[in-house]
Structures are given as structure tokens and as C-alpha cells.
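Have a look at the structure below before the remarks.
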Amino acid sequence: MENGRSEFPFPYQPYTIQEDFMRSLYNVLDQGKIGIFESPTGTGKSLSLICGALTWLTDFETKRKQEAAALLQKGETSLSSPITEASGQSSSAEPDWITSFVQKKAERDLVSKLKEDENKRKKREERLELIRNNVQLKYAMKRKNPEEDEAFKLLQLCKEDQTDGTANQDDEDLIIAEYESDDESRPKNRFCIAEEEEDDELVEEHVTKIYYCSRTHSQLTQFVHEVQKSPFSKDISLVTLGSRQNLCVNEEVRHLGSLQRINDRCMEMQKNKQDKPHHEEGSKRKRGPAKSVCPYSKASVLQQMRDELLGSIHDIEQLVKLGKERNSCPYYATRLAVPQVQLVVLPYQMVLHEATRRAAGIQLKNQVVIIDEAHNLSDTLSCIHSVELDGAQLCRAHSQLSQYAERFRSRLKAKNVMYIKQVLFVIEGLVRVLGGRVGQNPQSQATQAATEMHTINNFLFKAQIDNINLFKLHRYFEKSMISRKLGGFVEKYVGSGVTPHTPINTNKENRRTEGLNRYLQHLQGNQSTAPAPLHGQQGPSEAENTLSASPMMQIEGFFMALTNSNTDGRVVIHRQGNLSESSVKFLLLNPAVHFAQVLKESRAVIIAGGTMQPVSDFKQELLFSAGVQEDRIAEFSCGHVIPPENILPIVLCSGPSGQELEFTYQNRDSPRMMDETGRILSNICNVVPGGMVCFFPSYEYLRRIVVHWESGGILTRLATKKKIFQEPKKANHVEQVLGEFSRCIQKCSQQDGGTLTGALLFSVVGGKMSEGINFSDDLGRCVVMVGMPYPNIKSPELQEKMSYLDKHMTHSGGKSPGQALIENLCMKAVNQSIGRAIRHRGDYSSIVLCDRRYSRAATLGKLPAWIQSRTSTHKNFGSAFAALRKFFVEKKQKLGG
């Protein structure tokens, strides 16, 4: 391994760039470094990641076994040799026989530990072999009661300490357990019991593994399919993790819709199951309806499904199908399998967020993390750890928590009451900074429109909550599960809007719900004094459905955000004219503070993507800021597998009439500039066959230019050459538009000589079609970029981010870090958009960058190297048009011949 690897298992003869990729990846993993890998779409990046990383993992395990065996042999040889007398006076005051005894004991302990590890490894390998050969495991069918208890505990991977289930009141499951201590020295809750227990065969230590993360479930599914096609498909153990929303097979729970409700209901069912065995025989059954238990969470079937997952590879859809067939929960079965598998596939939010990592039982210590599609990694980190609350949510949370505290006042312990009062006090302070008051309808409370930016400390003083220990309050949220208790309370007494509760026609029940319902009705602005409908009556209105969910989980997230370092974040106050729409937002400025733990714990981290330029962003914002030294960072970038003559990137500086192209905010709205853009597209449509995709800097600019073209007849002229399509506003309409776009191009190609030559799609940079959409072959023979999509520099959040970077980052290239951020955000968006066209080795396409600013050396330098090397700048439209016509004529002749 010291000399690296020259050959790798691969399903076919790899390209040279794939071999280079795998060698570089192998060396980075072997040396425990942080790698930034760029490999364009269509170059087999996923397969290169799989074969390079799994080859290293196989070699690493083989080497570790050899080293352990050699060490064990050496230890046994040393133990079998007689004790020799010391040849000289010992430097220690102890007699020689004591020194020798201590030495031998240490050797015996080491040999014993090595033998134990070897036995565990052999058992694990033998068991996996049995699973893969479909041998029925006897112990999975015959569990002893103590082992059943451990299985039940394992089901609580993401659960907090259990509350007492012995009381017989109807609302016992809503009562917060006594909060014993807020001492910071107390150990954290157990999220994964595997670390705590030692003597149970269910409990597995985490084997060396690779965590592969990507952005969406569809990308993860594609990766799993690539693993299934790889040479490692029969030898590797893989599990795909997802949320309950993606993996739940209990239709009763799935129909709840929102992730929070699904989580809460699942946890309630698990608790009911936990409590069920504790009832003594002969004891009276509790009054009220029986608590429901999930039928898919039986320990024996979960263990069987876990074993099945260890024996073969499944994607998300296959997991759900298998769960339904086996009547077993894929969510918990996958988590039970995590310690033993070698490759864990999961959305990268689960790795980047510490609490979610703990909940899923993910341990990064000495493991490998691969983050694919990482071009927006910095933004993703900032987004995950930023929290926004509006006035309506704050007022609703204050109301619900007040109602909860009042209802259970006599049954809550003193410390719980104290902390609930502190939570209410903080919420009241947040409403106050928005210019409102709790206890009144937020929609009717006017506020003075303004935007304010504060440091965390200044915000705490402004809200008058600086005397509250937010660290203890956040710990109370974690320990007490108050968010979940309040959610259950609201759902029980307000109704979830999904499954109506059975009416109980008693005055007691009416009194239970009347106060809360009346207040919620008041918040909706309903001036009627009639009481809101009770459970079991006509279904709740849409407004009631909206109000029924508890926002306490978001409140908890905001409290946690305020515990960040004062320099790492800001609090933005947006007053919008009324309290309901006004908001308070925590903005994370330093994503490295949360990425640092991933970098510190992991053996190696790979940051990969099709387009990673400009790389300086990643190094400055995420690596150097997290304390990573330059010598631990390795970079790899490869060209495309397509021949250089299959791509024609052009920088267009002026249009057909000689109008200089510079789509600045001041120029782009001029009728002359809009007309010139229309003429450019009209001319290009004459020579480009098949499909064209034209990207605009924003939805608003696209709307304005289309309206102008409609009034001037330009859109009609374009439509005579190519059928016009436009990116839809709703995400669920994207597939429909793409399908029609594709069918139109296919129909035009079959009708040679027709009036239409294909289709033209208007899209938006950073929109629904600028990432993850495949415009290969005839779907994308030309990509046109109108202007440079700079972000809104007037945004208070962006200005604060620029100011933060200018203060904390080093200046380079004659530009401040803030200015560099603006350019990098722009070029990242451009690179993602223009990368939609070339998707495989035989593909070809042209790229037209309509703005003279693209010709600047610094800007060209931020294009992907394989595009940059072929880019030509044209001062006038005539030469650019001639180059385009020649490019497509040659392609037609070559394909025709």
C-alpha cells in the first residue's frame, strides 16, 4: 500500500482519466488526507469512486488482519519464552521478578485482546458468509428475553431517555418526566446503544466503513445501482439510510404527511411498545383506548430484515418493497445494520448535522467520508444550520406551551415548571423584538417595516433574554423531549387534520379543548364567539390544519443556533408591516465551525463533484477556516472523455447589430439590449439542430424579456424555427415540460425538412433545470448563457457574509474575499448550467456565453479546465456565427458519412 495501486477491479476497460482518478483517490485515503476531486459528468465519476475507494478498503482490511496476526504470533512467542534474569542492576526500586511479572501481564493482556478481536472478526465474517448463502440463522429465530430487551433498546437509536409509563392517567404520555439535573458533567443521552453494551451478540462494534453522501435520493439510487454493477457487488455490504418519510411502510403513519408528524407518531408507537411488556400479569387494564403499537417493528423480523440487508444490496425503493413483503420496518432495520456494513449510502444532510448523525448511529471516528455533488457544500452547511421563525409561529408556540403548562400545572415538577417559564420568557422576548406582543392575534398587530442585523450577543440584549442560560435551556429541550410532548398535546386536543379523534361526549372533554380551540380560532381572526368544532365533528378547516402543528421543534432549533459563537453568526430581524409575516432569522456565517468535526473525526474526507471550480472557495471557507493545513489537502481535476473537437465554447462580446453585450443591472432592461438578445437567439436557431437551452439570470428577468419579445414580435419569429418551452414555476411540472420538450425534438428529427428544427427551452440559472437535469445528445446541442448571474448584492445577508469574509479571510489576487465570493457564486452557477449538455463520450454541443465580461482572464480561469482550454472570444457576432455554423456542418457530415 505504501507504493499505491496501479490496477483496480473495474467492470470494463477504464479510461485513462478514470485510472488516474482511482490512483489519486487510493493515495488520499491511504494517507488520511482531504481530497477535492473534480470529474465532469459523463466521465464515470461514480464508478471511479466506487472501485477506487472499495479497493482501498479491501486492501486496508487485508493489511490490518496481517498486522494483527503478526502481532499475535509475536506476543504468543514472547509469552512461551522463559523469563530471563536481568543482567544488571534494575534502574527501578522494584525487584527484577516483579518487573518481569508486570511485563508478562501486559503481554498476556495484549495477546488476550488480539485473540478476542480475531474471534469477533471471524464470527462476523462467518456470519456474513452464512447470510450471503441464505442459511437461516438460528439465533435470529430464538431470542432469549434479555436479548429481546436489548433489541427493544436498539430500536430507540434516536430516542431520548424514557419517561415513566407506570401512571394510569389518560394524559400520562404527554407529561414531561422529572428533570433530574442540568449538570453539564452528566453524560449525553445514548443515541446508539452499541457503544454502551459489551456482552450481547447483537451489539456490534463499527467496522471500518465508507460513508457515501450525495444531495438527493435519486442521486443515491443511481450510485447504489452503480455499486450493483461493479465487481464488488457480491462482496461488499451496503445499506442506504433515509428519513422515516422515505422509508416508513406503515400507511397509518405515512398518511400524516409532514416529517415532524411522522417522526412524532413513530416515536410514540415505539414508546408504547417499550411500555407494553412492563404490565404485570393480573393487573387491571388502564382505562381508555389501547395504545397503538407499530406492527412492523417486531424485534425478530427487524433482525431478519437486517440480515437480509447485509447479504445483498438494496436502494431506497427496494428497501420499501422488501419491508412491505417482510412486514418489517426499513427505517429501523437499516439503522440496526449500520455498525456491520462497509458502505453506508445517505443524504449528506445526515452527515453534516451533528444531532442527525447521533440519531442515525453514525460514527465518523477513523472512517472515510465521501461527499459527492459537493459544489454547493458551503451553502448547504449554512442552510442546514440557519433557522428562521415568523411572528405567527412564535405566537402559536407561546399559546400552545401556555395552554400545556396550565393544563398540567399540578402534575409537573418544579424544575419543569421553571424551565417552561424560561422558554415562554424567551419566546416573548423574540416577539417583542419583532414589535409585537404575545396573547394577541399576530395578523392584526402592525409593525414598522425594517431590517436589522445583529451579532448574537447584541440580539440577546435587544430581546432582553441575555440573563437566560441558553445552553442549559437547549439541554433541557434534549432531555425533556418537550417539543415532542407539546406536539402530542396539540395533536390530541387540537386535531391533526388527518385522523379525527373519537368524540367523548362529556363536559370534562369539552372543557379540555374549549380554551385552546377558542384561542386558535381567535388567532385566525375569527371574531365569532362560537366555540371551535370539537374532535369528531366536521373536519377542521385549512387554517386549523395549519395551526394544529406545533412549531416548537423550530423554536428548539433557533435556541440551539443562538448558542453559536458570537463571531460565527448573525441574527436578522425582518419586520414586514405586521407581526404575522415578520421574522427573526439566525444566519450562519462560518460553515467551517460545523464541518470541522467531520474533518477532525474522519480518517479521510473526499469532496467530489462534476464541477468544483472555483476550488479556492472550498479551501478558504471550509478547510483553512476549520484548521486544516495545506499539506493535508490534495486536489485532482481531470478533463472530459469527449474529443476536444466535440465542444465549442464561445464568448460573445457583441450582437448582430453591433450592440455591445454587457448585461449589467443597469443595461439589461433596455429595449435595445432585449432586442439584441432576441436577434442573437434567432440567428443561432438557424444553425443549431435539435434542442437549445437558454439560461437567464433570474425568473423576473426571464418574465420581463419574454413580455418584451411578445409585444415586439420576436417571440413569434423564434417560434417559427423552434417550438418554445419555458421552465415551469412548480417543481412537479418539470417532468411534464421536459417530456414535451424531448418529444418535440424527436418528432422534428424524424421529419427532415420540416419548418421546425427542434425546440428552445427558456430556463433560469439556479432554477429547477440548472442542476441534475440531463440534456444529452439532441436535447442540448447548444447552451446559451444570457449575462452573468451575479447574486443580489443588496441583500443584507449577502452583505454581512461579505463583511465577515473581508474581516476573517486573507486577500488574494488583488480582490477582497467579499468580492471573490460574489464572483465565485456567479461562476459556480454558470458552471452548473453549462454542464447540462455534454453527458457522455460521444456527445457534442456548443456553449455561447453572451457577455463581454466572460472574456476577462480571471473569469475564464474559473471555468472548468476542459471547457476553458477550448473557449474562444469573438468581438463581433459574424465570426462567432461562422464558427457555430462550421461546427454543426462538420458534425452533420461526420455523422452522415
Side-chain angles (χ1 to χ4, degrees), residues 5 8-26 28-29 35-58 209-242 313-318 341-348 350-351 368-377 604-612 636-642 771-776 831-832 835-836 838-843 864 866:
R5 263 265 194 169
F8 295 85
F10 215 73
Y12 52 81
Q13 181 60 41
Y15 303 133
T16 302
I17 60 173
Q18 289 176 318
E19 292 176 327
D20 295 340
F21 186 107
M22 290 185 287
R23 275 194 291 269
S24 297
L25 177 63
Y26 190 102
V28 168
L29 298 181
I36 302 175
F37 282 70
E38 181 182 55
S39 181
T41 302
T43 57
K45 170 170 59 71
S46 295
L47 205 51
S48 300
L49 282 169
I50 291 165
C51 295
L54 294 182
T55 299
W56 170 84
L57 183 61
T58 304
K209 60 172 56 52
I210 295 169
Y211 290 99
Y212 172 86
C213 325
S214 194
R215 192 170 58 92
T216 65
H217 282 291
S218 62
Q219 290 166 340
L220 296 176
T221 298
Q222 291 172 15
F223 180 83
V224 172
H225 293 166
E226 291 291 321
V227 176
Q228 291 171 332
K229 293 186 291 185
S230 77
F232 298 88
S233 59
K234 302 298 182 185
D235 304 316
I236 195 73
S237 54
L238 177 152
V239 70
T240 304
L241 297 185
I313 296 173
H314 304 78
D315 62 27
I316 287 282
E317 288 76 18
Q318 292 165 342
V341 297
Q342 297 162 291
L343 181 56
V344 180
V345 179
L346 68 170
Y348 55 41
M350 294 182 73
V351 167
V368 171
V369 175
I370 298 176
I371 303 174
D372 201 359
E373 302 297 331
H375 51 273
N376 286 329
L377 181 57
V605 176
I606 304 299
I607 303 171
T611 304
M612 298 299 291
F636 176 86
S637 179
C638 65
H640 212 293
V641 292
I642 63 166
E771 287 189 41
I773 302 296
N774 187 345
F775 292 110
S776 62
N831 290 338
Q832 283 302 309
R836 298 305 92 212
I838 301 290
R839 310 300 286 182
H840 60 83
R841 184 180 182 89
D843 207 354
W866 64 280

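Checking Val224, Ile606, Leu220 one by one against Tyr212, the side chain to side chain contact (heavy atoms under 4.5 Å, CB included) holds for a single residue, Leu220. With Leu238 as reference, Val227 is the one residue of Val341, Ile210, Asp315, Val227 to meet the side chain to side chain contact (heavy atoms under 4.5 Å, CB included) rule.
With hydrogens and angles ignored, the 3.5 Å screen pairs a side-chain donor or acceptor of Thr240 with a backbone N or O of His314. Remark: side-chain polar atoms of Ser24 are paired, donor with acceptor, to backbone N or O of Asp20 under 3.5 angstrom. At least one donor-acceptor pair closer than 3.5 Å links the side chain of Gln228 to the backbone N or O of Ile313.
For the atom pair Lys229 NZ and Ser46 OG, the distance stands at 9.5 Å (nearest 0.5 Å). Between atom CE of residue Met350 and atom CG of residue Leu241 there is a gap of 5.0 Å, rounded to the nearest 0.5 Å. Taking CG of Leu25 as the start and CD1 of Ile370 as the end, the distance is 6.0 Å to the nearest 0.5 Å. Here CG of Asn831 is found 10.0 Å from NE2 of His375. Values are rounded to the nearest 0.5 Å.
Contact between Gly242 and His217 at its shortest, heavy atoms only, is CA-CE1, 4.1 Å. Among all heavy-atom pairs drawn from Cys638 and Ser39, the shortest one is SG-OG, 3.5 Å. When all heavy atoms are compared, the tightest approach of Ala374 to Ile607 is CB-CG2, 3.4 Å. The two residues Cys51 and Phe232 make their nearest non-hydrogen contact at CA-CE1, 3.8 Å. Smallest separation of non-hydrogen atoms from Ser48 and Met22: O-CG, 3.4 Å. What you find for Leu54 and Ile236 is that their closest heavy atoms are CD2-CD1, 3.6 Å.
Every side chain to side chain donor-acceptor pair (under 3.5 Å) that Ser637 has, sequence neighbours left out, goes to Glu38. Not counting sequence neighbours, the partners of Phe21 by the ring-ring contact (aromatic ring centres under 6.0 Å, His included) test are Phe37, Phe636.
Residues Gln18 and Gln13 fail the side-chain proximity criterion, which asks for heavy atoms closer than 4.5 Å.
The aromatic rings of Phe8 and Tyr26 sit perpendicular, their planes meeting at an angle over 60°, well past the 30° parallel limit.
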